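The basis for the numbers below is simple: all heavy atoms, side chains too, and nothing from hydrogens, waters or symmetry mates. In this text the structure is predicted, and so the values were computed from the model without any measurement.
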Amino acid sequence: MMGAGVGSESARITADRVGKWFGEVIAVNNCTLSVGTGVVGLLGANGAGKSTLFKMLAGLIEPSHGSVRVFGRKLREDVGWYRRVGFCPENEVLPEWMTGREYLSLMLRLMGFDKNEVDRRVDYWLDRFELTAAAGRRIGGYSKGMSQKIKLAQALAHDPDVIFLDEPLNGMDPVSRKQSIDLVRELGEAGRTVLVSSHILPEVESMTHQIILIDRGKVLAEGSVTDIRDKIPEHPTTVALVSADSRALAGFLIGRDHVVGVEVESMPDGDRVVVRTDHALGFYRDLPGWILENDLTVDEILTLDDSLEAVFQYLTER
């Protein structure tokens, strides 16, 4: 299968009949794909095998069978090429005892940059992700959104040509999400190869229309998401918005475009606003502007249902 509409002769990432199993559990099953430049979304429900496939493509784990290559090389056999690869993991794997500045500096020193260049790049990326004020704080005290941003910063600070972003927007507030989405699109337009995974279709659709769908460890389909969306109706999506002022947020959202239901739900750690939308992409697109223009507060977005359900149902029925 060919990803991003690019022929194999210009592919930067290739997988040939790749599989991975852990005991009797098959995480990835006979995947073949090829990705060139630009942004490509790897879409699948939680547990579909996205993270395992990512780790194999990035050279972090060995396939049980098949082969993966980046720039035609096996990274696990030619480790010098890791300098051309950036990886943002889904899981929290940060050294909580280090400050944000110390962590980014260490990652860049490991890439071989001298002190002046390390300082320059650290300052740039801390500013780019609005983390300068928190640079001297220990990462263990960062919020979920701040941790996501420092992970993204370390994946990009050495200017890699190939970038793997595994669920990169988890825990971010809507404004940070929009900034990160814009950055991903900017990287793709600059000729980088960005493979970004998510279980939220509108999230990836805001970054790219080129997708690879994975289900139960297998590549189900790939190509333009428009080709699939044109054949299925827009389906409702339910999201929860964590806010310090949930009542004001709920009151504002009632009657807005794409919003068909709003309620405030009490949780052990505070209230959250549960929104049902009939057009998820439009809702995600408009939300940052609503927040900024009306002085609203949203600390985190949580997806409460599987935004890919209708897509997978359509494909499996076909």
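Here the straight-line distance linking atom CE of Met56 with atom CG of Leu53 works out to 5.0 Å at 0.5 Å rounding. Interatomic distance, Glu102 CD to Leu104 CG, rounded to the nearest 0.5 Å: 10.5 Å. One distance of note links CD of Glu205 with CG of Leu43; it measures 9.0 Å at 0.5 Å rounding. Expressed to the nearest 0.5 Å, how far CG of Asn30 lies from CG of Asp16 amounts to 8.5 Å. The line from CE of Met207 to CZ of Arg185 is 10.0 Å long, rounded to the nearest 0.5 Å. Here the straight-line distance linking atom CD1 of Ile212 with atom SG of Cys31 works out to 9.0 Å at 0.5 Å rounding.
Formation of a donor-acceptor pair under 3.5 Å by the Thr193 side chain with backbone atoms of Gly36 is found in this model. Put simply, the side chain of Tyr284 never gets that close to the backbone of Pro174: no donor and acceptor are under 3.5 Å apart. Side-chain atoms of Ser197 come within 3.5 Å of backbone atoms of Glu167 as a donor-acceptor pair (strictly under, hydrogens ignored). Remark: side-chain polar atoms of Arg192 are paired, donor with acceptor, to backbone N or O of Pro160 under 3.5 angstrom. Judged purely by atom type and a 3.5 angstrom limit, Ser105 uses its side chain to pair as donor or acceptor with the backbone of Arg101.
Side chains of Val264 and Arg247 form a contact here, defined as non-hydrogen atoms less than 4.5 Å apart. Counting heavy atoms from C-beta on, the side chains of Leu195 and Ile163 never come closer than 4.5 Å. Between Asp278 and Val260 there is a side-chain heavy-atom pair separated by less than 4.5 Å. Using a 4.5 Å heavy-atom cutoff, the side chains of Trp290 and Phe283 are in contact. Looking at Leu296 and Phe252, their side chains come closer than 4.5 Å, going by heavy atoms from C-beta outward. For the pair Val275/Glu263, no side-chain contact is recorded, criterion being any heavy-atom separation below 4.5 Å from C-beta on. Looking at heavy atoms from C-beta onward, Leu183 lies in side-chain contact with Phe129 at the 4.5 angstrom threshold. By the 4.5 Å heavy-atom criterion applied to side chains, Leu169 and Ile181 are counted as neighbours.
In this structure, Cys88 and Leu165 approach most closely via the heavy-atom pair CB-CD2, 3.7 Å. Here the shortest heavy-atom pairing between Val39 and Gly188 reads CG2-CA, 3.7 Å. Taking all atoms of both residues into account, the shortest heavy-atom contact from Lys20 to Glu62 is NZ-O, 2.7 Å. In terms of heavy-atom proximity, His65 sits nearest to Arg17 at ND1-O, 2.9 Å. When all heavy atoms are compared, the tightest approach of Ser67 to Lys74 is CB-CE, 4.2 Å. Gly41 and Val204 make their closest contact through CA-CG1, 3.6 Å (heavy atoms, listed as atom of the first residue, atom of the second, distance).
Other residues, nucleotides and ligands place no more than 12 heavy atoms under 6.0 Å from the CG atom of Asp295. Arg138 CZ: 12 or fewer foreign heavy atoms inside a 6.0 Å radius.
Hydrophobic clustering places Val122 together with Leu110 (ILVMFWY residues linked when any side-chain heavy atoms are closer than 4.5 Å, directly or through intermediates). Val242 and Leu292 end up in different hydrophobic clusters when Ile, Leu, Val, Met, Phe, Trp and Tyr side chains are linked at under 4.5 Å. Using a 4.5 Å cut-off between side-chain heavy atoms of Ile, Leu, Val, Met, Phe, Trp and Tyr, with links allowed through other members, Val162 and Leu60 fall into the same hydrophobic cluster. Under the 4.5 Å side-chain contact rule for hydrophobic residues, Phe113 and Met98 share a cluster. Ile254 and Ile291 fall within the same hydrophobic cluster, defined by Ile, Leu, Val, Met, Phe, Trp and Tyr side-chain heavy atoms under 4.5 Å apart, directly or through other members.
Salt-bridge formation is not detected for the pair Lys55/Asp166: no Lys NZ or Arg NE/NH1/NH2 atom is positioned less than 4.0 Å from an Asp or Glu carboxylate oxygen. With salt bridges taken as basic N to acidic carboxylate O contacts below 4.0 Å, one links Glu117 and Arg121. A salt bridge between Glu186 and Arg128 is present, with a side-chain N of the basic residue lying under 4.0 Å from a carboxylate O of the acidic one. The existence of a salt bridge linking Lys178 and Asp182 is confirmed by a sub-4.0 Å separation between a basic side-chain nitrogen and an acidic carboxylate oxygen.
Taking the centre and axis of the six-membered ring of Phe54, the NZ or CZ atom of Lys50 falls outside the cone set by 45° and 6.0 Å. Because its NZ or CZ atom is both nearer than 6.0 Å to the ring centre of Phe71 and within 45° of the ring axis, Arg84 counts as a cation-pi partner of that residue.
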Inset, instruction - Would you please test Arg177 and Asp173 for salt bridge (charged side-chain N to carboxylate O under 4.0 Å, His left out) and show each step? - result: CA-CA 6 Å; Arg177 279 177 178 243; Asp173 63 81; over 6 Å; no
Inset, instruction - Applying side chain to side chain contact (heavy atoms under 4.5 Å, CB included), run through Met146 and Leu131 and close with a yes or a no. - result: CA-CA 8 Å; Met146 293 168 66; Leu131 291 171; 4.2 Å; yes
Inset, instruction - Show the numbers, then the answer: is there a side chain to side chain contact (heavy atoms under 4.5 Å, CB included) between Ile139 and Thr99? - result: CA-CA 5 Å; Ile139 293 175; Thr99 68; 6.0 Å; no
Legend entry - side chain to side chain contact (heavy atoms under 4.5 Å, CB included) evaluation trace for Arg12 with Thr37: CA-CA 7 Å; Arg12 288 184 170 182; Thr37 57; 3.7 Å; yes
Inset, instruction - With side chain to side chain contact (heavy atoms under 4.5 Å, CB included) as the test, would you mind laying out the steps for Glu130 and Gln179 before giving the verdict? - result: CA-CA 10 Å; Glu130 299 180 346; Gln179 292 170 343; 3.4 Å; yes
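Take Pro89 and apply the side chain to side chain contact (heavy atoms under 4.5 Å, CB included) test, not counting sequence neighbours, and it matches Phe87, Val93, Lys151, Gln154.
A donor-acceptor contact closer than 3.5 angstrom links the side chains of Ser51 and Glu90. Inspection of the Thr238 and Arg276 side chains reveals an N or O donor paired with an N or O acceptor under 3.5 Å.
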